[in-house]
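Numbering starts at 1 and runs along the sequence shown.
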Amino acid sequence: TDLTGEQLENQNSYMRGTVSQQSEMKEKLLSIEINEAAFANNEEKTKFHTGLQTLLFCSTFFGLVSPFIKSNAITSLTKFQQFILVLMRIRLDTPLQDLAYRFSVSLSTTSRILNRWIDVMYVKIKVLIVWPEREELRRTMPSVFKQNFGNKFAIIIDCYEIFVERPSSLIARAMTWSNYKHHNTVKYLIGITPQGSISFISRGWGGRVSDKYLTENSRILNNLLPGYIVLADRGFDIAESVAIYQAKLHIPAFTRGKKQLSAKEVEETRKIANVRIHVERVIGLVRRKYVMLQSILSIHLLTTKAGDSVPPIDKIVTVCCALTNLSESVVPFE
């Protein structure tokens with residue numbers, strides 16, 4: 001080679017400097033703007049990372065839960081950074097390892113932060129999922145519902161399923177297998193008001209459970225009052241159970257064994273479809289806003305921790321539904 005020893009040393013020094021600069025840039029890119037100041041004047045950034053509509057909602061939510069998070073010497077992250085880390089996890093389905101790199105903490109620390117904050121969020125905001133009073137329902141009833149059912153009080157119900165990893169236990173595998181989804185799932189019963197807010201979310205059940213059994217054993221019917229109507233799909237064969245509470249079930253007419261539906265059945269089915277579609281839109285909104293619920297979740301989230309009665313997956317689903325109630329309604333009010 002024509003290069004002298006001094007020139008080679010200069011090149012090596014230059015390369016070491018370049019590698020060092022690249023490493024520093026990478027660290028900056030991974031941690032850039034994930035702090036309180038970066039969100040202070042950026043509504044779009046807040047909405048993208050947290051799913052919350054405004055900075056005010058974000059600040060209010062943080063102020064509600066942060067006092068109940070004890071400072072911990074195991075991490076250098078501020079409470080706000082931990083708060084954003086958790087919301088990024090459920091909002092964007094960001095992998096735990098990716099979050100660990102972004103916030104420059106270990107994977108185990110990331111997992112502990114997630115568990116700690118989800119526990120507090122669950123306790124503090126599940127009250128946003130509330131069964132409304134009759135007068136409140138009447139005062140805010142949307143026109144699309146009035147046109148089809150007048151001023152009757154109603155709950156619109158449906159089930160939705162979340163994919164989970166295949167359990168190693170044969171019993172658990174059978175209990176979570178969903179013939180409808182052809183996958184192992186956890187099933188939830190969700191109830192919404194005519195206004196489009198989530199007023200009920202059940203605990204998770206194995207995907208094998210029927211819609212009827214889940215509904216009759218999830219305590220939702222205990223909220224019914226005389227005169228209520230329950231709008232559901234054909235799979236909810238719960239008319240007798242609903243009638244016990246002097247309420248009435250409305251489901252689309254069955255077509256099996258009939259050449260065609262009567263004019264009355266067609267009209268009733270149309271009315272139900274016009275309103276019941278909103279529960280599907282709400283479920284879609286929850287899934288879109290909190291992408292974690294679209295993925296195949298770890299089987300470990302189904303395991304209840306010692307001293308706790310609610311598994312992590314139920315807490316996450318409840319938090320996502322409660323935060324969705326802070327969004328604009330999918331139901332038009334005019």
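- By the neighbour-count criterion of 12 heavy atoms within 6.0 Å, atom NZ of Lys79 is densely surrounded, having more than that number from other residues, nucleotides or ligands.
- Residue Lys126 places its NZ atom among more than 12 non-hydrogen atoms of other residues, nucleotides or ligands, all under 6.0 Å distant.
- From Tyr180, atom OH reaches atom OG of Ser210 across 15.0 Å, with rounding to the nearest 0.5 Å.
- In this structure, the side chains of Thr215 and Ser241 stay at 4.5 Å or more apart for every pair of heavy atoms.
- Side-chain contact check for Leu285 versus Lys289: some heavy-atom pair is nearer than 4.5 Å.
- Between the side chains of Gln195 and Thr193, at least one donor-acceptor pair of N or O atoms lies under 3.5 Å.
- Considering CZ of Arg287 and OG1 of Thr324, their distance stands at 11.5 Å, rounded to 0.5 Å.
- Using a 4.5 Å heavy-atom threshold, the side chains of Thr176 and Pro167 count as touching.
- Within the cation-pi definition used here (under 6.0 Å to the ring centroid, within 45° of the axis), Lys248 does not qualify as a partner of Tyr228.
- A salt bridge is absent between Asp98 and Arg89: the closest approach of a Lys/Arg side-chain nitrogen to an acidic carboxylate oxygen does not fall below 4.0 angstrom.
- Atom-to-atom distance recorded for Thr54:OG1 and Glu43:CD is 6.0 Å, nearest 0.5 angstrom.
- By the rule that hydrophobic residues join a cluster once side-chain heavy atoms approach within less than 4.5 Å of another member, Phe68 and Leu87 end up as members of one cluster.
- Aromatic rings from His278 and Phe145 are positioned such that their centres are separated by 6.0 Å or more.
- Hydrophobic clustering (side-chain heavy atoms under 4.5 Å, transitive across Ile, Leu, Val, Met, Phe, Trp, Tyr) keeps Ile162 apart from Met175.
- Although no hydrogens or angles enter the test, the distance criterion places no donor-acceptor pair under 3.5 Å between the side chain of Asp211 and the main chain of Phe236.
- Annotation: the span from Leu297 atom CG to Glu165 atom CD amounts to 8.5 Å, rounded to 0.5 Å.
- The closest side-chain donor-acceptor pair between Asp119 and Trp117, if any, does not fall under 3.5 angstrom.
- Environment of CD in Gln97: crowded, with over 12 heavy atoms of neighbouring residues, nucleotides or ligands closer than 6.0 Å.
- Atom CD1 of Ile277 has 12 or fewer heavy atoms from other residues, nucleotides or ligands within 6.0 Å.
- Separating the OG1 atom in Thr318 from the CD1 atom in Ile198 is a distance of 10.0 Å, to the nearest 0.5 Å.
- Cation-pi geometry between Arg203 and Trp205 is met: under 6.0 angstrom from the ring centre, within 45 degrees of the axis.
- For the residue pair Ser108/Ser111, the side-chain donor-acceptor check at 3.5 Å is not satisfied.
- Ion pairing of Glu135 with Arg138 is present here, as a side-chain N (NZ or NE/NH1/NH2) and a carboxylate O approach within less than 4.0 Å.
- Ile90 and Ile299 end up in the same hydrophobic cluster when Ile, Leu, Val, Met, Phe, Trp and Tyr side chains are linked at under 4.5 Å.
- For the pair Lys187 and Leu214, the minimum side-chain heavy-atom distance is below 4.5 Å.
- One finds the CZ atom of Arg234 at 8.0 Å from the CD1 atom of Ile251 (value rounded to the nearest 0.5 Å).
- Judged by distance alone, the side chains of Tyr245 and Asn223 never bring a donor and an acceptor atom under 3.5 Å apart.
- Annotation for Arg173: atom CZ counts as buried by contact number, over 12 foreign heavy atoms lying within 6.0 Å.
- Hydrophobic clustering (ILVMFWY, side-chain heavy atoms < 4.5 Å, transitive): Leu326 and Val286 are in one cluster.
- Within a 6.0 Å radius of CZ in Arg219, no more than 12 heavy atoms belonging to other residues, nucleotides or ligands are found.
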